[in-house]
There are 2 protein chains.
Amino acid sequence: MQTNLIETLTNQLSLSLGVELEASGRHVHLSKEDVTALFGPHAALTPVRPLSQPGQFVCAQRVTLEGPKGTISNVVVLGPERPHTQVELSLTDGVALGIRPPVRLSGDVAGTPGITLRYGDRSVKLSHGVIAAKRHIHLTPADARRLGVENGEEVRLACLTSRPLTFGGVEVRVSPDYRSFAHLDYDEANACGFQKGDRAILLPG
Amino acid sequence: MQTNLIETLTNQLSLSLGVELEASGRHVHLSKEDVTALFGPHAALTPVRPLSQPGQFVCAQRVTLEGPKGTISNVVVLGPERPHTQVELSLTDGVALGIRPPVRLSGDVAGTPGITLRYGDRSVKLSHGVIAAKRHIHLTPADARRLGVENGEEVRLACLTSRPLTFGGVEVRVSPDYRSFAHLDYDEANACGFQKGDRAILLPG
């Protein structure tokens, strides 16, 4: 009886104070220039499936990552094109490739390591652009108001998952262009035992 | 000034209320029977390096894990021999092999998936024994008293690491045969940005 009550309250809390979790696998964002360099002068990114964030999509294109210690093939390209090419890995992937990606928010690539992207005979050697994505929460302005948080704020995220844990230093990003989801990488998703549909509660940072 | 004070207090807290973290990579424990089956009738495990827990050691022997979807080679064997063979993987490893290891404490292998161990031409097909190690804390009786916790209790573990987070459901194990260390797998270690020497503070579960 009491367990059911606690479960019911927790579920209600997670709906009113929480956000759905998503896990992001390793992926690549490409500049227009690098799309051309890898796939040819007339190539364009080919959408195959939308992502949770409006306008973002999984592409048909895949590339191989070549690091100093190893390679990872079949890495998905996400669209649309971006001003700068960026590679997002887990720290586990970094070990396999022989690269130590710093933990950064998307777009913050100054001083980060480089890597080689390959598609068949074509390759692009990046001087920088490899990061481990810093965990973050996309929120609509309405959800940010509901949760009492602001763009740029850091919060803790208590995951209602099979290996429960509370992530610290989770950055809140608010935009009318977002759908509300918290994003983890696969190291983080596995550490908390994430399964699709799991939610988490925001706590003060 | 205030930052320094907070840092000093946190360091003191971690020494008085904390424990050192260690990350455990994928590994195999072998029964005497399986040592013979893999390495030959006169083989014995060859210690090359002691582990933090007294009597436990890294062996010269390595095996390949063969799962339904992939293989992982060069997996370390830990000694001494145990009554039952057991394979400890991260959930990330499980994805590569095509196996879903349940999160269990060491030794709790009833109903877990099997796998094939290979060494050259020799192999052992396990019907069960693959787990993802449940995070846990080894404590000496003196440290358990100091920290106010008992064998079998679950606590939270606030990691003072580069990607700070607080693990829930961390089981305390107390024995005079232990040295005090908290054990994470590599998914968990990467999720918190663990580096050798990092510590964590125990909090009520």
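As a basis for the values below, the full set of heavy atoms in this structure was taken, side chains included, without hydrogen atoms, waters or symmetry mates.
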Of the options B:Asp93, B:Asn190, B:Thr92, which is the one that meets A:Thr92 in a side-chain hydrogen bond (donor to acceptor under 3.5 Å, both in side chains)?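 Between A:Thr92 and the candidates, side-chain hydrogen bond (donor to acceptor under 3.5 Å, both in side chains) is satisfied uniquely by B:Asn190.
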Relative to chain A, which segment of B:Arg135 carries a heavy atom at a distance below 4.5 Å: side chain, backbone, both, or neither?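 B:Arg135 touches chain A through side-chain heavy atoms alone.
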Answer yes or no: are there more than 12 heavy-atom neighbours, outside [X] itself, under 6.0 Å from its atom [atom1]?
X: B:Gln56; atom1: CD; value: yes
X: B:Arg100; atom1: CZ; value: no
X: B:Phe57; atom1: CZ; value: yes
X: A:Arg156; atom1: CZ; value: yes
X: B:Tyr119; atom1: OH; value: no

Atom pair [atom1] ([X]) and [atom2] ([Y]), whose distance is rounded to the nearest 0.5 Å:
X: A:Thr166; Y: B:Phe167; atom1: OG1; atom2: CZ; answer: 10.5 Å
X: A:Asp187; Y: B:Asp187; atom1: CG; atom2: CG; answer: 5.5 Å
X: A:Asp185; Y: B:Arg163; atom1: CG; atom2: CZ; answer: 5.0 Å
X: B:Leu91; Y: A:Cys192; atom1: CG; atom2: SG; answer: 10.0 Å

